[in-house]
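Heads up: the structure comes next, in structure tokens.
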Amino acid sequence: MERGSFGTKIGVVLATAGSAVGLGNIWRFPYITGEDGGAAFIVVYLVAVAVLGIPGMVAEFVVGRHGAANAPRAYSLVGGKAWSIVGYMGVLTSVIILGFYSVVAGWCVQYLFASLLGQLNGDAAYVKNYFQQFSTDPIKPLLWTIVFIILTHLVVVRGVRRGIEKVSNVLMPVLFVLLLLIVVASCMLPDAGKGVVFLFKPDFSKVTHSVMFDALGQAFFSLSLGTACLCTYASYFSRQTNLLKSAGQIAAIDTIIAILAGLMIFPAALSVGINPDSGPSLIFITLPNVFQQAFPPVLGYFVGVLFYVLLALAALTSTISQHEIGTAMFFEQMHISRRKGALIETVLAIAIGILCSLSCGAVDLEIAGMSVLSFCDFLTSNILLPLGSFFTCILVGWMAPQKLVRDEVTNWGTTSRALYKVWLLLVRYVSPVSIALVFLHQLNII
Ligand code: PFF
């Protein structure tokens, strides 16, 4: 069976960064930064990305590139049959994420059309009401969810090089330019400096335990760590790809985009005196108001439309990667065509997406006292992602043949051995211990 591969070095970086950059950067990062006090949170987040994120990414890359197969098979090739469970867990995690993530991505598409048609103009109460009515409607959000998953499907069936790589090579630069345009508009507003201070002048008295744990959780989600996504993409890397360097570049792109998203939102919000601490609804309730109040009408219109285009595109490059994890597994393990494998993944994601969408108010659907959407978010981000990454670090740091690991990380002895040693230390000790702490905290055990 012919496996795909990425065609160019830049394709590797852009496709993997396309997975990392998504709603996590433009929706989750700003609202958590807003809730957790700004710059101090960002400092902790940067440390988390450096000591936990990058080493964890490289660990997943090692499994994927060595295995050169879908996640369950790659894990079993590196660690033995029992380790395939970690790969299966990654596939399960990714299909759940694809289900609920597509619901929020669908909201972004609805908001894109609403802002294009000028339907988001109105006072704060109107915008709030608009969101509540839309998100609890039984049909509209559901249709957008399905449309988004089908769009993702259409890219994924085209394959690794012609689908994923090609789309990422176009969308990532577009996304960056759109983001820069809005950042410039936002930073030129009167009093925009307040937002810049909020983002860059840390007040370390605000660093509490929960800020530290939020930063670690955000780093997982944002870097697509712990879902076997990075492992699946690495199975398409060539032997020339430098794993440490690529992980550093991808983490840098992901972090720069998250900070730019902050620079897009906070100067505009603080310039009109709106506090950006409204939580997850920040981009659907607070921002439409900010855009209307901060900019003259025509500019406000364009900024609003561009913002939701940006969100939808960023979400698409991430849903593609979530979809690919299951597609690769079904297609290779069940010996069926890639098209059929993708279809199975799409049907599963739509089923989960429907439940998540309806649970937002249209139907009384709850698990453990949460809407299905919140439950899926909690289950994946707080439990399955940390577990996936923890076991990957244990496998690569302790269980796998060390020659195999050293060869992968140093590209068969051609790159720095000193860096390898630092990485090994982080993967063996620092990462598993930090992940265990996050995990235990999330479960309220510590
Ligand atoms: N990293 C993506 C984001 O920040 O939006 C979310 C994500 C993508 C999580 C792919 C998991 C995944 F496998």
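Computation of the quantities below employed the complete heavy-atom set of this structure, encompassing side-chain atoms and omitting hydrogens, waters and symmetry-equivalent molecules. Note that this is a predicted model, so its numbers are computed, not measured. Counting from 1, the numbers follow the sequence of the chain as shown. Whatever order the structure lists them in is the order used to number ligands and atoms, beginning at 1.
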Checking a contact table here: which protein heavy atom is nearest [atom], and how many Å away?
| atom | result |
| --- | --- |
| atom 3 (C) of ligand 1 | A20 O, 3.3 Å |
| atom 13 (F) of ligand 1 | T227 OG1, 2.8 Å |
| atom 7 (C) of ligand 1 | Q322 NE2, 3.5 Å |

Report, in ascending order of atom number, the atoms of ligand 1 lying under 4.0 Å from any heavy atom of [X].
| X | value |
| --- | --- |
| G22 | 3 (C), 4 (O), 5 (O) |
| C229 | 13 (F) |
| S19 | 1 (N), 2 (C), 8 (C), 10 (C) |
| L23 | 5 (O) |

Verify ring pair (Phe, Tyr, Trp, His ring centres under 6.0 Å) between W144 and F148, making sure each step is shown before the conclusion.
CA-CA 6 Å; W144 282 126; F148 210 90; 9.3 Å; no

Between Y101, F221, Y233, flag the one that comes closest to atom 5 (O) of ligand 1 by a heavy atom.
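Nearest heavy atom to atom 5 (O) of ligand 1 lies in Y101.
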
Salt bridge check, R65 against E408: does any charged N sit closer than 4.0 Å to a carboxylate O?
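Yes.
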
Cationic N near anionic O, under 4.0 Å, E324 to R338
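Between R338 and E324 there is a salt bridge, with a charged N closer than 4.0 Å to a carboxylate O.
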
Within the distance-only criterion (no hydrogens, no angle test), does the side chain of S318 pair as donor or acceptor with the backbone N or O of S19 below 3.5 angstrom?
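Pair found, side chain donor or acceptor close to backbone of S19.
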
Do the side chain of S102 and the main chain of A105 share a donor and acceptor less than 3.5 angstrom apart?
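Answer holds: no.
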
Does a side-chain heavy-atom distance below 4.5 Å link [X] with [Y]?
| X | Y | value |
| --- | --- | --- |
| R161 | S5 | yes |
| N25 | D254 | yes |
| V78 | W83 | no |

Polar contact flag for [X] and ligand 1 (N/O pairs, less than 3.5 Å):
| X | answer |
| --- | --- |
| I325 | no |
| I97 | no |
| S94 | no |

Answer with side chain, backbone, both or neither: which part of S321 has a heavy atom less than 4.0 angstrom from an atom of ligand 1?
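S321 to ligand 1: side-chain contact only, backbone stays beyond 4.0 Å.
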
